[in-house]
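Below, all heavy atoms of this structure are taken into account, side chains as well, without hydrogens, waters or symmetry copies. Start at 1 and go down the list; that is how both ligands and their atoms are numbered.
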Amino acid sequence: MNIYFDNAATTPMDSLVVESMLPYFTTFFGNPSSIHKKGREVRAKIEQARKQVAKSLNALPSEIFFTSCATEGNNTILKSVVESHQIQHVISSPLEHYAVLNVLQILEKKGHIQLHFVKHNTKGELDLIHLKELLETYSHTLVSIMHANNEVGNLNPIQEIAGLCKEYQAFFHSDTVQTIGHYQLDVKKMGIDALVGSAHKFHGPKGVGVMYISSESHLNPLFYGGTQERGFRAGTENVAGIIGLTKALEIAYSDLENDKDAIFTLKKYMIEQLKICIPNIAFNGNSENLEKSLYSIVSISLPPIKNSGMLLFNLDLYNISISGGSACSSGAQTGSHVLQALNDTEKKDRPVIRCSFSKYNTKEEIDYFIEKLALLYK
Ligand code: PLP
């Protein structure tokens, strides 16, 4: 058996997505900026894709920008908002992905902003009273809080956070990489000013992402060049990638409830079986809380074991692809900044693994995984 439980890192591409992209490497090879027929036909396809993506997020086509990845999207939005709106105070959390955290820390190091972190508990639940206090203290702020955490799976109360941002006229950016294509997102209902996604997290290709930026944002570009993406993101478009992203999103939303239910059932089963088969097991963040975490991620805190550094290697030998994560801060491995920030002392020094599922996983795979994991604890 070959088991892939690392879908939060990347997902296998849907064959229909691959198929949809192929003509854009051959027939539709024109540069969408060319004014002749070969260019115009590709331009039309990109604009059609933009409309489709916009519709699925309840945004306007003019609010959708294609990028190379979510890291680019986060960098662009955060840097542009700070520069365009002369923001001095940014509110975020230490549990963000490095694609947000590192940009903000660099901006702070350069003296462009002061960075304020919202407090959280050991489960990673953000303290919204503290967020309100920060918004009261610092006017004219940018708030960047992810929709769902990629390591422990926590879902943040995004609408509530957006509501607070609106109340205090703060710009609200959310890294929605782990939820776009997995939850129906309605940017208007959610009250988000800007969000980002990445196609390879929902069975699309790598190297293509998307940004939604509300038409009221009035941002300057991050870099300058041609007039692509209405001058906001210069550079010849990754046409096949854009088509693939759009197809992947269409497929993701076409049977969302069924896929969601199936994956949710796997997660529930995994938690139940782990509790039965591995003594003294625990879960990180809100991972075990089925309402407050992604239906696709389980972050597991395993009992201490001799040679815990070999755990992932041993699972790999059983053809199980899975991610690790540890809160250790010494030696070559710096560990997970998220687990370190959670500072859950009860789980300190325990090996951590993250299982993240997709619609392609099965109950049999979970049985196999637990059987092999249990063997390592014999
Ligand atoms: N944000 C989150 C929450 C992620 O999980 C990831 C990828 O792991 C990224 C950002 C970066 O995405 P990309 O690989 O498209 O740059």
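The shortest contact between atom 4 (C) of ligand 1 and any protein heavy atom is with His97 CD2, 3.2 Å. Atom 1 (N) of ligand 1 has its closest protein heavy atom at Asp175 OD2, 2.6 Å. The closest protein non-hydrogen atom to atom 5 (O) of ligand 1 is Gln178 NE2, 2.9 Å. Considering only non-hydrogen protein atoms, atom 14 (O) of ligand 1 sits nearest to His200 NE2, 3.1 Å.
Of all the heavy atoms of Thr71, the ones lying under 4.0 Å from any atom of ligand 1 are found in both the backbone and the side chain. Counting heavy atoms under 4.0 Å from ligand 1, residue Lys201 touches it through the side chain alone. Neither the backbone nor the side chain of Glu72 comes within 4.0 Å of ligand 1, counting heavy atoms alone.
His140 and Phe171 have their aromatic ring centers separated by at least 6.0 angstrom. Centroid-to-centroid, the aromatic rings of Tyr183 and Tyr295 come within less than 6.0 Å.
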When the side chains of residues 301-310 are checked against the rest of the protein, which donor-acceptor pairs come out under 3.5 Å, sequence neighbours left out?
none

Anything under 3.5 Å between a donor and an acceptor, one on a side chain of residues 112-119, the other on a protein residue two or more places apart or in another chain? List them.
residue : atom : partner : partner atom : Å
His116  : NE2  : His89   : ND1          : 2.8

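For ligand 1, the atoms closer than 4.0 angstrom to any heavy atom of Met146 are 3 (C). Listed by number with element, the atoms of ligand 1 under 4.0 Å from a non-hydrogen atom of Cys69 are 13 (P), 15 (O), 16 (O).
With distances taken over non-hydrogen atoms, the option nearest atom 15 (O) of ligand 1 out of Ala9, Ser198, Ala99 is Ser198.
Side-chain polar atoms of Asp193 and Tyr212 form no donor-acceptor pair below 3.5 angstrom. Between the side chains of Ser174 and His147, no donor N or O sits under 3.5 Å from an acceptor N or O. With hydrogens and angles left out, the side-chain atoms of Asn58 and Asp186 include a donor and acceptor closer than 3.5 Å.
Taking distance alone, with nitrogen or oxygen atoms compared against 3.5 Å, Ala70 approaches ligand 1 more closely than that limit.
Under the side chain to side chain donor-acceptor pair (under 3.5 Å) test applied with Asn74, the options Lys79, His173, His97 reduce to a single match, His173.
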